[in-house]
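Structure first, then comments.
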Amino acid sequence: MLLELNNIFKWVTQGGNRVFLLKHLDLAVEQGDFLSVMGPSGSGKSTLLHVLGMLDDFNEGEYYFQGEPVHGFRDKQRARFQKEHIGFVFQAYHLIDELTVYENIETPLLYQKVSSSERKALVADMLDRFGIVGKKDLFPAQLSGGQQQLVGVARALIGKPRLLLADEPTGNLNSRQSREIMELFQELNAEGTTIIQATHSETNAAYGSRTLHLLDGSWTSTPEP
Amino acid sequence: MIRNYLKIAWRNLMKHKAYSLINIFGLAMGAAICLLIVLYIQSERSVDAWRTDADNVYRMALIRKYPTRQSSYAIIPQSFAQTVKEELPEVEQAVRIFNFINNGTLQIRYGDQKFEETKVLLADPTFFAIFKSNLLYGSEEKALSEPNSIVLSERTARKYFGDPARAVGQVLIPELNDEQPLVVSAVVADWPEASHFTFNALVSTAGLDNFEEENYTGFSAHTYFRLHAGASPEKVEAAMPGIIRKFAAGSIQRSFYMPIDEFMAAGNGYTYFLQPLKKIYLTSHLENELRVNGNETTLYIFGLVAIFILFIACVNFINLATARASERAKEVGIRKTFGSERRMLIFQFISESFLISLLAMAVAVALFALLVPVFNDISGKEFTFAALASPGAVALLVVFTCITGSLAGIYPAFVLSSFSPILVLRGRFKSGSHGRSIRSGLVVFQFAISVILIICTLVVNRQMDYMTGERLGFNTEQTVILERTDLLGENTRAFKNELSAIRGVLNVTGSTALPGQQNYFGVSWSTPDKRNEPITGRGILVDEDYADALSLELVKGRFFSRDFPTDSLGVVLNEKAAAELGLPDDPIGQRLITPEEFLNGPEGTEKTYHVIGVVKDFHYQSLHEPITPLVFTSGAPFNNVLGLTAIHVETGAMEPVLSQVKEVWSRFVPEKPLTFQFLDQTIANQYDTEATARKVFTFFSFITIFIACIGLLGLAAYTTRQRVHEIGVRKVLGASVGNIVLMLSRNFIRLVGIATLVAVPVAWYFMYRWLQNFTYRIDSSWDLFVWASAISLATAFLTISFQAVRAAVQNPVKSLRTE
C-alpha cells in the first residue's frame, strides 16, 4: 500500500457556515496504480491532489503514506517527505520563466542536496529520454505548450518520486499533444511510477487503470478497497 | 545552488530593465552620497587626531564676563603662560603663539627678491617641545631659542632658496618698522592641513621685550600647556581664580581704575578654562581662533543625512520588490512545490538583493567620481577620486554593500517567501496588496524627510538673504576696500583727494575697520564722574567721511568734520554705547575718558573727550553677535593715516574707477601692488559656515527628493500597470483622461500630503533651534512651509501623472484584450 486516506474532511468557513471541500473521503492507492479522478469544476479534484501532495492541510481524518501518518507530521517532516516522494505536473505547466529548460528540470535536485556532477548526469538522462536535448538552452516562452508540459513532466520525474500527481496535465494542450503526454504517462506507469491524475476528459481517464468520480467533495461511487 | 540563484537574479534584472535601473541607480546615488559624507566626517575628525603625543596638551581659553554680556576668547593675556607654569605643579610646559600683525601677512626680502609671506606666526622657544614636529634641518632646541630666528616650512624654504637644505643660516628682512634681520634657524616639514592652526613661517619671540611685559588684562596669546601625565586639567582650572587675584589685581586696577573686588562686584569676571588640543577644531568657536574651525553639530547632521539618504534608497528597493511580488509569486510557488524550504527562498532573495547592491556599488563608484567636484565645491574639501582607493574606503564600500543588501533585501525576502504555493499555483493570488500599508508608510517616511530638507533649505536661504541684505543699517553695495593704506603716510591727504576726483567716485573714507573685518579694537570708556563704571566695547578710528561713505544714519548731533578742529577730541557713539554709558537723552557735549594709552597724551596725561554725535545702531559685526557699544574717535591726531580706505562708487562705474585707483596707487606706493576687497564680499565672508550650510542643504534636499521621486516613479508605473484592466473598463464606461489620472494619482498625493503634515513640525523644531545661533534672525514664517509642501506635492504629482497620463490615454480595447 502506497497511501491511504481515512475519512478525510476539509472545509473553509464562509460567512459563518462551513463549506466542505472534501467530505468523508476514503482512498487507498497501491504501488503501481494509475488512478484517474474525474468530476465537474469545483468538485474538489484539485483540493484532493493538493492534500495528497502534502501542499495543503485537511481538517479531519487520517493520511498514511507508505504507512507513515502524514496527519501527525510536523511541517519539516512533511516537506521532506514531499520533496523525496512526490512529483507534480500542472495544467498551466508552471515552469520558471527565467530559467532554461535544463535549469527548470534541475531545480528540484538543488533542494535535495544532489552533487553537481550527479545533477548533470540525471538531467542529461532526462533530456535524452524525452527527446528535448536540442531544446535544453531555450526558455519556456520559446517552446510550444506540449513541449512545455514535457519539460514539466521531466521536472516532476527528475527526483525519482514514488508518486506523480497531475492536475489536468493536458488541459491547455491540443489533442495530439494530449495523446503524447498520456502515452508517456502510461509508459511511466508501466515502469512502476504510481500516477494520480485529475481530468475532465473521459479519453484521458481511460489511460488510467481505474477511475473515480468526485462530486462536492465526496466519491459518487465507493472506491474499491 | 547559489549560482542558480544569481543566474535567476541576473535574468530578472535584465528582463525588467527599467525596474532594475531605478533600483540600482537609486541605491548607487544613496551610496555615493554616503561615501562622500563619510569621507567628509573622517577628514573633519582627523584634525589634530594624529597628534599622538597631544593627549596632555590643552589650550587655555577665556570667558570674559562684562556687566551686561560675556564673550569667549581663544586668546588670553600673555603673562599667564609663564605664571601658571611656575605656580602650578601640574603644568610641565607652556608655549604661546601670537598672530603676527596684519593677519599673518608679511613682506619679506631676501637679497633683492621680495615675497609676500602669508600665515606667519610668532611662537615661544618652547614651541617644538609641545608640538612635536618633523624638523628637516636645524635642531629642535635651537630652532626658536635665539632672538630674531625664523623657522620656515619646507614649501616656504623652497620658495626662497630653491633647495631647502640651503636655508639654515640665511638672512631674511621683514618689512616691519625696524627691519630687524631674521636668521633662518630650521626648516620644518610642511605643517599638516589637518591641524587647528597652520603656518608657513614661525618667528621667535625670544628677545622681544613687548612679549615679556607683564600683562594680565589684554588678550593676545594663544596659550598651550602640557600637563604632567595623570595631572588633572580641572585642578588647573580650579586654581585660576587664585592666580588672577594674586597676579592680575594690579593690572585690573591700572586698566579699570578700581580694585579687583569692586571690579568683580560690578559684574566683571574672567573664567579661564582648558580645551583638550584634539577637541579644539571641532568644538571650539571662540573669538580670535587661529582658523575657522569645524563644527561637530554639522558632522552629526551630515551623518544623519547620510543615513536618511541610504535609507530612502533602500526603501525604494523594498517598495518595488514587494509591489512586484506577484511576478515572483509563481516562482515561489513552484520552488516550494518542488521542495524548497522557506529559508532557502529567503536566502535566494537576499542573495539577489546583494547582487543588486553590488552592482549599485559599482555605479556608486562612478557617481562618486562625478560628484566629487560638486561636493568639494560646496564643502571646501579637496577630495579626489583616489580617496576611494584607501583601505578605509574599500572597507566602507563592502560595509555599504552588506548594509544595503540586507536592509533592502530582508523584508521583501520574508514577504516573498511566505507565499502559499496552492494559492499561487491556483492563480488565486491577489497581487499588489501584500504590504501595501507598509509601502505607504515608507513612502510617507521618504517624503517626510524630503520635505524636512526642503524646509531647511528654504529657511537657511532666507536667513542668508536677511544677513547679507539691506537691513544691516549701512550701505554694502558698490564699495571697494583698499588695504594697507597706512603705507601712504604723509601722502594720505593727497591720495584721498586724487581718488575723490575720479569720475564715478561718490565718497572716500579712511578707517581702521570696516564691517566684515575683525579689526575693531577693544576699549573701555567712562564718564569722569563714574570712572569706576566703565563700559567696554569696540573702538574704531575714522576720518570725516566715514558716515557718508557707509550711509550711517545720525540720530543725534553730527559726525566728525574738518570745520571743527576740536573734533580731534570728539567721539561719536552708537545708540548702544550711549545707552550703556547712561548718558542723558541729549548726550551731545557729554565728557568721556578712556584708559587706552594711545588715546591719551604722552606720559599718561589724561585727555577728556566729548560726545559730538550718536549714530543709529548698525550691524558692524556679524549677525551672530548682538550689537555692542561702538565708539568712533577721530583719525585726525594721526593725520588720518589709517589701515583701510573705502571707496563708494556709482552704480556701473566700478570697473573704470578700479583701474584708475590702481594707477593712482602705483604712483603713490610703487613698491607694493594694490590689494583690495569688496565690502559686500567681506560681509558675506562672515557667513562662510552658513553659506556652506546653504549649499549643502540645497544639494542634499535635491538628492533626497530625487531619490524619493525615482522610487515613486517606479511604484506608480507598477500600480498603474496592475490597474490597466480597471482603467480599460472605466474608459469603456465613459471615464475621461482627467478622471483616470486623478484616480491613479489620488492615493500617492494623499501619502505625500500626510508626509508634509508629519514633516512640518519636525522641520519647524530643527529650524527654530538652528536660528537660535543668530542674534538677529528671521521668523520661521508659515509661507515657507506652504512653499515646501507645494514643491514636494508638485514634484510628486509630476512624477506620478507622467505614468498616469500614459495609461489613461491608451486605447481601452488594447488593455481589455490582453486580459
Side-chain angles (χ1 to χ4, degrees), chain A residues 10 21 42 45-47 49-51 53-57 75-100 102-116 119 139-141 151-152 155-159 161 165 167-168, chain B residues 1-17 19-20 321 324-353 355-356 416-431 818-819:
Chain A
K10 179 171 175 61
L21 302 176
K45 299 190 299 292
S46 291
T47 309
L49 255 56
H50 289 145
V51 166
M54 302 176 199
L55 290 175
D56 210 350
D57 275 329
D75 285 353
K76 253 205 164 126
Q77 259 171 312
R78 228 165 53 163
R80 206 193 59 217
F81 243 73
Q82 181 218 31
K83 79 177 164 196
E84 281 174 12
H85 300 301
I86 299 172
F88 290 91
V89 176
F90 303 97
Q91 176 178 1
Y93 330 129
H94 286 330
L95 301 177
I96 299 179
D97 297 332
E98 287 77 23
L99 295 182
T100 62
Y102 182 98
E103 290 156 354
N104 263 296
I105 297 175
E106 185 191 25
T107 305
L109 297 179
L110 294 174
Y111 298 115
Q112 294 182 23
K113 304 206 165 62
V114 180
S115 79
S116 156
R119 284 206 304 267
F139 288 94
V151 176
R155 179 181 60 182
L157 292 176
I158 191 82
L165 294 171
D167 193 355
E168 308 224 20
Chain B
M1 172 120 60
I2 183 101
R3 225 178 50 205
N4 182 284
Y5 291 166
L6 291 180
K7 212 182 291 175
I8 203 166
W10 178 254
R11 285 178 193 154
N12 254 313
L13 280 179
M14 290 295 109
K15 194 167 158 192
H16 307 277
K17 288 205 180 63
Y19 159 84
S20 312
R324 274 184 73 234
S326 61
E327 287 178 9
R328 301 303 296 275
K330 183 179 143 199
E331 181 190 335
V332 171
I334 295 168
R335 284 184 185 274
K336 280 194 169 177
T337 312
F338 285 96
S340 176
E341 287 166 35
R342 186 166 178 205
R343 61 186 173 85
M344 295 178 182
L345 285 165
I346 291 176
F347 179 72
Q348 177 188 345
F349 286 117
I350 289 184
S351 55
E352 204 170 307
S353 74
L355 176 76
I356 289 179
L416 289 172
S417 65
S418 71
F419 296 151
S420 147
I422 318 167
L423 287 183
V424 175
L425 298 180
R426 269 188 181 165
R428 291 208 196 134
F429 184 74
K430 277 279 169 277
S431 61
T818 58
E819 265 304 295

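Chain letters run A, B, ... following the sequence lines, proteins first, then strands; residues in each count from 1.
- Shown here for A:E103 and A:T107, the closest heavy-atom pair between the two residues is O-OG1, 2.8 Å.
- The candidate with the highest count of non-hydrogen atom pairs below 4.5 Å against chain B, out of A:I86, A:L95, A:I158, A:L109, is A:L95.
- Here CG of A:L55 is found 11.0 Å from OG of A:S46. Values are rounded to the nearest 0.5 Å.
- Scanning all heavy atoms of the two residues, the minimum distance from A:Q82 to B:T337 falls at NE2-O, 3.4 Å.
- Using a 4.5 Å cut-off between heavy atoms, A:F88 contacts chain B through both its backbone and its side chain.
- Taking chain B as the reference chain and counting heavy-atom pairs below 4.5 Å, the highest number among A:Q91, A:E98, A:K83 is found for A:E98.
- Each of B:K7, B:E341, B:K15, B:R335 has some count of heavy-atom pairs under 4.5 Å with chain A, and the biggest count is that of B:R335.
- Side-chain contact check for B:Q348 and B:E331: at least one donor-acceptor pair (N or O, by modelled atom type) lies under 3.5 Å.
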Please test A:D57 against A:K10 for salt bridge (charged side-chain N to carboxylate O under 4.0 Å, His left out), starting from the C-alpha separation and ending with a verdict. CA-CA 8 Å; A:D57 275 329; A:K10 179 171 175 61; over 6 Å; no

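- Neither the backbone nor the side chain of A:R80 comes within contact range of chain B; no heavy atom of the residue lies under 4.5 Å from a heavy atom of that chain.
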